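None of the values given here were measured: they were computed from a predicted structure. Per chain, numbering begins at 1; letters A, B, ... match sequence-line order. Both backbone and side-chain heavy atoms feed into the values below; hydrogens, waters and symmetry mates do not.
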Protein chains: 2
Amino acid sequence: MQVATSETAGIARWRQIADSLRADIAEGRLAGALPSEMRLAERFAVNRHTVRRAIAALSEEGLVTAARGRGTFVAPRPGRIAYPVGPRSRFSENIGAASREPGGSMVGATREPASAEIAGLLGCGIAAPLTRLELLRVADGAPVIVSTLWFEEARVPGMVAGFAETGSISRALETLGLSGCRRLWTRVSAIAADAHDAERLHCPLATPLIQTTSLTAAVSGEPVQYARSRFLGSRFELLFDHAVGTTTD
Amino acid sequence: MQVATSETAGIARWRQIADSLRADIAEGRLAGALPSEMRLAERFAVNRHTVRRAIAALSEEGLVTAARGRGTFVAPRPGRIAYPVGPRSRFSENIGAASREPGGSMVGATREPASAEIAGLLGCGIAAPLTRLELLRVADGAPVIVSTLWFEEARVPGMVAGFAETGSISRALETLGLSGCRRLWTRVSAIAADAHDAERLHCPLATPLIQTTSLTAAVSGEPVQYARSRFLGSRFELLFDHAVGTTTD
DNA sequence: CTGTGTTGTCTATTTGTATAGACAACTGAA
DNA sequence: TTCAGTTGTCTATACAAATAGACAACACAG
């Protein structure tokens with residue numbers, strides 16, 4: 001709720017106000033009618049036009065709709081999706097469980113040599129040929145997750161065609177005889193959306209994203225997939241249940 | 001690596017460049033000497049002065065040091081701390097395990113009535129008196145985590161004094177006969193640092209933060225603590241190990 | 001020592017952001 | 001119908017950001 005008064009840290013005041021209002025909407029602190037432009041201008045200690053600029057941005061994103069004479073209203077929009085993450089959690093099931101329509105598509109596929117990092121994780125040779133897939137996941141038609149997946153070609157061949165045929169990574173793995181794969185671990189950090197991801201996710205530049213990396217292994221324990229995903233922070237809350245005791249200690 | 005060319009989305013070009021370079025540094029893609037200002041200006045398709053402005057910001061943050069005639073260099077700085085999160089993971093142990101000096105202080109303590117949300121989580125009455133603590137955690141003297149903790153006073157009395165005496169939440173709980181507490185679950189999202197947290201964490205406004213909420217229970221299963229924490233995204237990577245199988249499915 | 005490369009500083013201009021004022025057009029309650 | 005409240009639009013000005021050019025000061029290799 002605070003807007004930097006003098007030093008703006010390179011972020012326009014209107015953008016700060018838009019971000020603040022967006023966060024309030026995401027956290028459920030703002031719903032229905034927004035305070036009037038004049039009220040918001042007082043609250044944020046800025047000129048009314050600056051508030052208008054912020055609201056215009058939110059309107060463009062579809063988060064609010066303004067009506068002359070009546071006010072500005074938060075558009076009906078689902079809150080954060082509680083997204084469970086575990087050894088076998090899957091996008092379609094999670095989204096379906098949240099009563100959203102899951103969907104997605106492959107937006108890129110390429111072949112590249114394994115970097116030292118990925119080689120170490122997948123247990124393959126440095127520079128071994130990898131298949132790299134770029135997936136865009138949507139919920140109710142809106143893009144929400146961008147993922148980059150890496151598979152070693154020798155061990156997991158034909159994933160591009162497999163995904164094209166089955167529309168699902170786990171089903172494509174199954175057709176390769178790799179059923180029962182499980183995620184070994186997930187690492188989570190937070191980043192700001194760059195122009196590339198912002199375009200894919202239809203969000204403003206520098207929107208906070210949850211970034212995860214994870215390693216998935218076959219039943220044998222052999223790593224089969226390394227993935228890096230970016231979730232819209234305002235749309236997701238990853239849920240890790242410690243009830244059975246995650247063995248980090 | 002892309003800077004918005006025409007429409008800046010309310011984020012100054014210098015800020016975008018600073019953010020991009022900061023991310024590269026955080027991900028280990030940039031170390032030692034940075035490309036020269038002229039080279040960076042070419043890469044980002046901006047005037048050299050704009051690059052200088054970005055570097056000035058990073059220099060202010062202590063991420064880089066510039067030397068006339070020699071170039072600009074990434075300051076020695078630890079990468080991301082892999083921070084395990086589980087039922088019993090604790091700040092001091094995690095930071096110590098990462099060979100950093102843990103520290104911290106209570107920066108705020110207040111009493112407030114339980115909101116419906118917190119009442120539901122802690123299993124107490126709405127408007128029941130809560131103790132709310134604000135903690136600032138540092139690693140090697142640098143602030144890295146801001147946490148807000150809530151305890152029901154009737155069940156967990158005197159936490160302010162307890163933390164003041166012991167310097168630790170878990171030890172304060174132990175003096176109340178609440179040993180063996182465990183975290184039941186952790187939820188993770190990503191937010192942008194507001195002016196308040198930015199000041200506490202000594203980071204630029206809107207820096208991406210990992211936000212977690214978690215519920216901790218006594219051995220009896222009775223909830224004793226609800227916490228909300230904000231971690232610097234560039235300094236942390238939360239690690240969730242699924243090896244034993246987190247029961248989210 | 002010279003020349004190339006790099007950062008640092010200064011001046012100037014253009015563009016974007018923020019502020020200000022005013023009025024139009026619409027809404028909804030009294 | 002009137003009036004207070006609200007958003008929408010237009011014009012104008014001040015300040016910050018971005019760009020441009022030039023030169024100084026330093027580093028380092030040949």
Mind listing the N/O atom pairs, protein and nucleotides 19-22 of chain C, below 3.5 Å?
| from | atom 1 | to | atom 2 | distance (Å) |
| --- | --- | --- | --- | --- |
| C/dT19 | OP2 | A/N47 | N | 3.2 |
| C/dT19 | OP2 | A/T50 | OG1 | 2.5 |
| C/dA20 | N6 | A/H49 | NE2 | 3.4 |
| C/dG21 | O6 | A/H49 | NE2 | 2.5 |

Say whether, by atom type as modelled, one donor and one acceptor occur between the side chain of B/R80 and the main chain of B/G233 under 3.5 angstrom. yes

Separation of B/I11 atom CD1 from C/dT17 atom C1', in whole Å? 14 Å

Using OP1 and OP2 only, check whether a side-chain N or O of A/R53 sits under 4.0 Å from C/dT17. no

Check the angle between the aromatic planes of B/Y83 and B/F231 and answer parallel, tilted or perpendicular using the 30° and 60° thresholds. perpendicular

Hey, is A/E37 close enough to A/R39 for a salt bridge, meaning N to O under 4.0 Å? no

Nearest-nucleotide wise, let me know which of A/G69 and A/R15 is further upstream toward the 5' end of DNA chain C. A/R15

A/R100 side chain to A/A98 main-chain N or O, any donor-acceptor pair under 3.5 Å? yes

Side-chain donor-acceptor contact under 3.5 Å, A/R230 with A/T148: yes

The reported gap from CG in A/L121 to CD in A/Q225 (rounded to nearest 0.5 angstrom) is 12.0 Å

Assign each of B/I55 and A/R68 to its nearest nucleotide of DNA chain C by heavy atoms, then name whichever residue's nucleotide is nearer the 5' end. B/I55

In this structure, OG of A/S59 is separated from CZ of A/R52 (nearest 0.5 Å) by 10.0 Å

For A/D19, is there an ion pair with A/R22 - N to carboxylate O distance below 4.0 angstrom? yes

Using atom CE of B/M38 as one end and atom P of C/dG8 as the other, report the distance to the nearest whole Å. 15 Å

Closest approach to the side chain of A/R70, judged atom by atom: which nucleotide of C/dT27, D/dG8, C/dA18 is it? C/dT27

Nearest-angstrom distance from the residue atom CZ of A/F44 to P of C/dT17: 19 Å

Is any side-chain N or O of B/T72 closer than 4.0 Å to OP1 or OP2 of C/dT6? no

Rounded to whole Å, how long is the line connecting atom CD of B/Q16 with atom P of D/dA17? 13 Å

How far does the helix from C/dC1-D/dG30 to C/dA30-D/dT1 bend, going by the axes of its first and last five pairs, to the nearest 10°? 30°

For A/R39 and D/dG5, what is the distance between atoms CZ and P respectively, to the nearest whole Å? 9 Å

In whole angstroms, how far is the C1' atom of D/dT6 from the CG atom of A/L40? 12 Å

Nearest whole angstrom, please: distance from the C1' of C/dT17 to the CH2 of B/W14. 15 Å

Within 6.0 Å of CD in A/E112, more than 12 heavy atoms from elsewhere: yes

Distance check needed: D/dA16 C1' versus B/R52 CZ, whole Å only. 18 Å

